[in-house]
Every structure is written in structure tokens, then in C-alpha cells.
Amino acid sequence: MKTLIIAEKPDMGRTIAAVMEPRAKNNRTYLEGEKYIVTWAIGHLLGLAEPDAYDAKYKRWNIQDLPIIPEQFKIVPNPKTKDQLKMIGELAKRCNAIVNACDAGREGQYIFALIQQQLKLRQPVKRLWISDLTAESIATGFERLRDASEFEFLTQAARARSEADWLIGMNASRAFTTRHNTLLSVGRVQTPVLALIHDREKEIEAFQSQTFYDVWAEFKQDQIKYKGAWQGDRLTKPDEAEGIAAAVRGKEGKITKYDTKQTKEYPFKLYDLTLLQREANAKYGYSAKKTLDVAQALYERHKVISYPRTNSNYVTEQNIDGMHKALRMLGTGPYAELVQQANPNLVHKQNKSVCNPSRVEDHHAILPTLKRPGTLSKEEQNVYDLVIRRFLSHFFPPAEYKMHTVMTQVDKHLFKTNIKELLSLGWKVVLSKADQDKGKKSKTSKKEDEEETDEWTDKKFEIDAGRPVDCVRAEMKEKATQPPKSYTEGTLLKAMESAGKQMENEELREVMKDAGLGTPATRAATIERLKKVGYIEMKGKKILITDKGKMAINLIRHAGVDLLASPEMTGQWERRLHQISKGEAAQEKFMDNVKRFTLSIIDKVRQQPPAPANAFGEEARSNRSGGKTNARGVGTSGRATTAKGRDHTASGGGSSAGSAALKQASAPISRSSTTKAVRSSSDGQSDASVSQRQALGSCPCSNCGGSIIEGRKGYGCSHFKQGCGFVIWKEYAGKQITETMLKSLLAKGQTQLLSFKRKDGSTVKARIVLDVPGTGQLSVREDA
């Protein structure tokens, strides 16, 4: 009898067949040769069943029917791919052995495990575990097939992940939705990620900018000029700062201290998926999902990079020879000039910044394969170029600098200068010219509250500390403290990797990887999920939270289930899943904890008062709980997202009714008039429901008597139904109008002093002024 090979996708199956059975007969859904039959899944062929598979009463959503905790989880075929599942079963009957050739990771393991369970496959199973799809790797992988029992713990972790997501998603989504009468999606990973975005936006809204002043002086000795920053307590009075500048301008100074030291800057780590996504977002503006899709195409279709869904930045000793071969392969083509300058001897088994087997678990860092790329799309070429240049950088020596620290005294005033003198570009020759220039610029930029220069120069810096210097120029510069920045997909990925902890230290971040939010393979899908359900929206690269997203987090926290929105605690759950995959923790104990937590969510939500009908901004509220369409629709909102980046319901099935309801609930509603800016919906709500919103001040319109309340895009009058058209939009002249600014406008007719940038890049101090109180018309007025 023959051996059945089950790959995860058709392309992978055909690639394996081309190596193992090059003369195999193509039967459309499988290929058959003399020794092997090669077939494939199409991603997830099976998934966990919907709640109504356990009891018909769950078709209608009722908080009294919660929690839903199956004694044993049922699996059901995906209706779209059930024929392929049937074919695998028929082929298995003709074989006496099976090779699991699904992706070498947690979800690939789970896909195969569900097929094995559903079809009751009893044949002995071997595991193909490879990191790229080149012919050489496939052939070597089949020579070194591993026993399936080695991956039992990984299968347990995959099951625990899927079942935990089902329990939290199905129960919490139904509880919050039925209690608050609005489609609310809640998830084990997506909710704490939303909490990160929510908390960052709250920080930005609450931030109060403060003006301060720096004093800079330029010194000259012979032909050398350098700048220094005044040292002392922060200056908050402009006349005081100008007085210091005037006191030193044109005077002679002396160097009181001069230190130098040699420093080296080593290449950045090889890419894991999250780091690659962050870089592609920063450089090209690609979303996390786009980068994942492109990297997957480079791996599966073009076969020019290794397995991209990795969380490792290192390789093993077995990869070193392959890295040298890849370097030689790149010696002809667009990277030939760089390869000629490269030193192969720098990449070896003792180089721990590259080769560190203890940091490699399922897969090594992303590497180029030995296959030359054919025709790539622009996006594919960009991502491939990132991988190649990062790979090549490790075949070059470190960049070398000489750091100069100069303390210059003029009269009683002290100035500090840091000069970074480039001695050797080293590995940075692999960067494009634009990236080299950007690197120089970033080295000179400092946080606004740091009072020292950090200049970059590729010219020799020489100064005689024993001779005087002349202060040829001195000036005061006005600055303002800056709020935290809104998340981009790149910075959010970084936060997810460390469960929201601010970790600049690379070693600490490495340790936290196992306790991040989701896995490298699921993070992109989580961000896409938040967009889809209407919790976040994009403004350029910025991620902004919607009113619905804000309300969802507030309801969860006010219900007393903070753990559900806690990035750190949810990260610890991910760590426990990682421990299960290594046999260091028990699946049963983890699931018991998840079940107990599910019970506590239901109990606390039951006690929570329903949210006002208009508390969710512009969200359409026609999908009320109780109807079949709504029940299936919110069932969709209780989805788990697979590590493959594909959405599927917790049952793996999904429904068109559910998708339609979700689409209707999360679709943006256009506003055609100012009064609609504060109206929650057109569902016939009374003025009483509008009045439940917090009053932020009295309407300035004469004889109106209404209150100003918050809408999604603006602040408007509660008497809009009586014809009051007053509205102040939330964004004006590039500024977000916060509640604090709004109250100042209503009470004083103007905001506090703000910083505005002119077209020429200079900064001006001005206020936003309420010009016409009756309409909310604003203008910007410079401070006299």
C-alpha cells in the first residue's frame, strides 16, 4: 500500500509532489505516484460547532441561557470544502501510512489533528517539519521524518487555544450584546488589543502641552564649529532664556571637559514575522496583514524565503551552511556588488547574534532560500528586499564611531555637546542611500525635553581642549512637550509582542515574546478584526478608536471583568499556551481556568445596567437582539481568528446571514447634516434617550436652552430635533478638539495657547476661537 501525504494547501501539495513523485498522475484534488499519494486541505476543513449544535435554544440569544460550556467540543466540516475532506477520507482507505505535511506550526498541527479526528484515521503518522519549500529542503525533510508523538503537546496547545477562544468569544459576545442591545464583539486577544488603543487615545486626549525654552550656542575654534545645549533646570520663561543667550553671545569660552570613546553598532537582528511587519509598515506603510500575505506568497508561491510565521530572530548551526550558499546565490544579480564586499567568515556557529539554537523553537529567522526570484510584484520585491538586506548585513563588520563629549563654559553658563563621528560605515553599506540618510537624521533627533545635541558627522572632529573657543552665535528656541503618538500598525505590533509593556531593552522584549498578545501569525488578523467590527479606523498610518470601540472597553471594565481587557494578563495566557506546547503546563488546568473566568464574565454582565441606546456613536442599532438574524450575526462577532490570517466562526462554518448582519452593524453611516453628527441612529429614539448623554456645557445659541453632547465626529446640541444646528467638529486646523478644549471654547470663547506649524515648518503660538457662537464656527488667532 501507499503513503498518504496531507499538505495544508494545494500549492504546497503540488510542490511536495514535484519532489517526491515527479511522475505522479494529476487527479485534480490529489496527485498519485508509485509510492505516495499527495493531497491537501484547503486551510481549515473543520472547526468548532456553533452553540445551536448543542441545543436548538441557542439559535436565539438570551443572557439567561449563558454560559455555554460544552462537556465535549463538537467539530463540523466547512460546507465550502466538505468534498475535499471526503476525498481525503477515501484516499486514506487506500494507504497504510500518513505524512502530516501541513505548515510546521501550531495551527498547521491543529488542521491535521481535526482531520485525523473527524475521519478517524488510524494509520501511523509521521511529521514533515521544514522551514522552506525548496526541493532540497523537502527532500531532506522526508529523509528526516519525525514521529507524530513528538508533537502531541503542540496539538494540545492548539486545541486549548481554539476552545478557549470559543468559550470567551461566544459567551462574552452574547452576554455583552444581549445586555446592551448592540452588536459587541469580545475576544480573548482582540479585547486587550483594543484596550491598548483605547488607553493610548485617552492619554493623548488628557495631555496638556507645556511650553519651555532651550538655549543653543555655536562655538568656533579655528575651522571647527560645534553646537552646545545649555545645561540647567528647564526654562519656562522666555525672557530668562533670552537673557542667557544674550549673556554668552560673542563671548570667549573655555572647554572644561573633553572625553572621547570608540563605539560599535552591530547589525539589527534577523527578521521574525512581527519585526518584518513593523519594518514594512514604517517604510512602505503596509498593513500587518498585507505584509503577511506578501511574505506568504514569497514563501509558498515563489519559494524565495523561508517560513515567515516565525517568532525567532536566530538560526541553528544547521542553517549556517545554507546561509553561505544563499550568499553565493546572491552573488549574481542586483545584489552582486554588496556580495562582493561581504565577508562570509563573519557568519559562523560561534556568532551568537546570528546562531543561537536556544532561541529557535519551531522555526528559525526568515532567510532567503537558494531559489532565485522570478517576476515579483512591487510589494513582493519590497518585502523581499527587506529580507535580503537584513540577511546581508550580518556578513559585514559593525559600524564604528568615535563619540566626543564636550563641556564648554562661557561666563558662568555651561553647554554640553555630543558629536558622533563616523569612522567606518560597516554593515550600513547594505542600506539604501535613503535609509542611510534617514539613519543619520534619526540619530540627531532627540525627545523635546532632552537638552543636549547629538550631532552626526562623517568628517574628522578635532579640537584642542586647552585653547579657548569663541561663542559666535547663541539663540533661544521655544519648544512644547508633545503628547504620546497614536498607534500605527507597526507600533501596535510591537506593543502586542510585549503585552503592552514599554520595553526598549531587546533582552527583556525577547523574554516577553512568549507572553505577548496572540502569536506572530495571528496579530495581523486581530488588527483586521478590530477594523471589521467597527472598533477602530485608520487615518493615514494612525489607528484611531471609534465611539463603539471606546464604549466596548468601558462596558467591559465597568462590569468588573478587567482581566478580559488586560493586555498583561492575557499575555500570560499566551505564555501558558506556549508552556502547554512544550509539555511544561497542563491543558486541562488551563481550560478549567478559562471556564471559571467565563462564568465570572456572565455573572458580572448580568448585574450591569444596560448602556444608553445612543452610547455607541453612529453605529446602526437596527440589529436588536432576539431575532434569528441578529443571533447569527453576533455569532459571527464571536469569531476566533486562525493563525493563518483567515476569519472563520468559532465553529469554522459561518453563515451568510451572520456575515450580512455583521456588515450592517459595522458599516459606517454617512452624515449629511450637522444635526446628524450627534444623533445616534434613526431608530425612533426619544429626546429622553439623548439626554442620557453627559452634558458638556450649555448651548451658546440664544434662547435655545439645550446642552452640548458628544457625537462621533462633533459636539452638538441636544435640541437638534427642535432645529438647533450648533456643532463644533472634533477636528479643526489639524488639532483634535478634546473635552477640555470644548469646555474652554464654551466658557471663554477660546482654547488655551496651542502650537501650530506654518507651511515653512516654523512654529507659531495661537488659540482656536469660537467666532460665531450661534453656529460653532471656529478660527485660529495668533497670540498677540
Side-chain angles (χ1 to χ4, degrees), residues 11-12 14-16 18-20 22 104 130-144 267-273 275-276 279-280 291 294-310 312-349 351 353-355 360 363-397 426-432 435:
D11 280 354
M12 297 170 66
R14 294 186 183 101
T15 300
I16 291 170
V19 177
M20 303 308 298
I130 55 177
S131 286
D132 63 61
L133 292 171
T134 60
E136 182 182 30
S137 293
I138 291 169
T140 302
F142 270 88
E143 289 172 6
R144 301 173 182 172
F268 299 131
K269 291 188 297 185
L270 292 167
Y271 284 126
D272 60 13
L273 176 59
L275 192 54
L276 179 62
E279 294 270 343
T291 301
V294 170
Q296 196 68 19
L298 291 171
Y299 164 67
E300 281 184 14
R301 187 162 68 249
H302 299 288
K303 303 172 183 62
V304 294
I305 67 169
S306 62
Y307 185 71
R309 301 171 188 267
T310 176
S312 178
N313 304 101
Y314 301 92
V315 302
T316 66
E317 296 173 349
Q318 289 71 37
N319 300 124
I320 297 298
D321 182 55
M323 290 180 73
H324 286 160
K325 289 179 179 177
L327 179 69
R328 291 194 290 272
M329 180 273 293
L330 294 167
T332 55
Y335 302 99
E337 186 177 342
L338 288 173
V339 173
Q340 289 171 9
Q341 302 173 55
N343 181 359
N345 296 327
L346 293 176
V347 174
H348 51 80
K349 295 177 182 179
N351 182 347
S353 65
V354 175
C355 182
V360 180
H363 295 283
H364 55 70
I366 301 172
L367 298 173
T369 66
L370 303 183
K371 188 175 186 301
R372 297 180 188 278
T375 302
L376 301 179
S377 69
K378 181 181 179 182
E379 289 83 3
E380 289 169 343
Q381 181 58 50
N382 286 341
V383 173
Y384 182 68
D385 185 69
L386 287 176
V387 172
I388 295 301
R389 290 183 186 275
R390 181 61 58 94
F391 167 79
L392 288 174
S393 69
H394 288 273
F395 290 91
F396 286 80
W427 65 271
K428 292 192 175 183
V429 298
V430 308
L431 301 177
S432 64
D435 285 342

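Using a distance-only test at 3.5 Å, with no hydrogens or angles considered, no donor-acceptor pair links the side chain of H302 to the main chain of R372. Side-chain atoms of N313 come within 3.5 Å of backbone atoms of L270 as a donor-acceptor pair (strictly under, hydrogens ignored). Although no hydrogens or angles enter the test, the distance criterion places a donor-acceptor pair under 3.5 Å between the side chain of H324 and the main chain of P344. Side chain of S393 to main chain of W427: no donor-acceptor pair is present (N/O by atom type, distance under 3.5 Å, no hydrogens or angles). When atom types are taken as modelled, the side chain of S131 and the backbone of Y307 share no donor-acceptor pair closer than 3.5 angstrom.
Every salt bridge (charged side-chain N to carboxylate O under 4.0 Å, His left out) that R14 has, sequence neighbours left out, goes to D11. Qualifying side-chain hydrogen bond (donor to acceptor under 3.5 Å, both in side chains) partners for Q318, counting only residues two or more places apart in sequence or in other chains: T316. Partners of K325 under the side-chain hydrogen bond (donor to acceptor under 3.5 Å, both in side chains) rule, at least two apart in sequence or in another chain, are D321.
You'll find the side chain of S312 stays beyond 4.5 Å of the side chain of D272, heavy atoms only. Using a 4.5 Å heavy-atom threshold, the side chains of D132 and V304 count as separate. The shortest distance between side-chain heavy atoms of Q381 and D385 falls below 4.5 Å. Taking the side chain as every heavy atom from C-beta outward, T134 and L370 never approach each other to under 4.5 Å. Counting only heavy atoms from C-beta outward, the side chains of H364 and M323 never approach each other to under 4.5 Å.
A salt bridge does not link R389 with E279: none of the charged nitrogens is closer than 4.0 Å to a carboxylate oxygen.
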Determine, step by step, whether E317 and C355 satisfy the side chain to side chain contact (heavy atoms under 4.5 Å, CB included) criterion, reporting the C-alpha distance in whole Å, the side-chain angles of both residues, the deciding distance to 0.1 Å, and the verdict.
CA-CA 6 Å; E317 296 173 349; C355 182; 3.8 Å; yes
Assess whether side chain to side chain contact (heavy atoms under 4.5 Å, CB included) is satisfied between L275 and R390, documenting all intermediate values.
CA-CA 11 Å; L275 192 54; R390 181 61 58 94; 3.8 Å; yes
Kindly indicate, with the supporting measurements, whether the criterion side chain to side chain contact (heavy atoms under 4.5 Å, CB included) is fulfilled by I16 and F142.
CA-CA 10 Å; I16 291 170; F142 270 88; 3.8 Å; yes
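The minimum heavy-atom distance linking T291 with A280 is given by the pair OG1-CB, 3.3 Å. Residues L330 and V339 come closest through the heavy atom pair O-CG2, 3.5 Å. Between V19 and P22 the shortest heavy-atom distance is O-CD, 3.9 Å. In terms of heavy atoms, L367 sits closest to F391 at CD2-CD1, 4.0 Å. Contact record, A295 with I305: O-CD1, 3.5 Å, taken as the closest heavy-atom pair. Contact record, H394 with K269: NE2-C, 4.0 Å, taken as the closest heavy-atom pair.
Taking a 6.0 Å sphere around NZ of K371, one finds it holds more than 12 heavy atoms contributed by other residues, nucleotides or ligands.
Rounded to the nearest 0.5 angstrom, F395 CZ and L338 CG are separated by 12.5 Å. Taken to the nearest 0.5 Å, the OG1 atom of T369 stands 11.0 Å off from the OH atom of Y299. Put simply, CG on L133 and CE on M12 are 5.5 Å apart, with the number rounded to the nearest 0.5 Å. With values rounded to the nearest 0.5 angstrom, Y271 atom OH is found 4.5 Å from L386 atom CG. To the nearest 0.5 Å, atom CG of residue L273 and atom CZ of residue R309 are 7.5 Å apart. Between the OH atom in Y384 and the CG atom in L376 there is a gap of 7.5 Å [rounded to 0.5 Å].
Neither side chain, N319 nor Y314, offers a donor N or O lying under 3.5 Å from an acceptor on the other.
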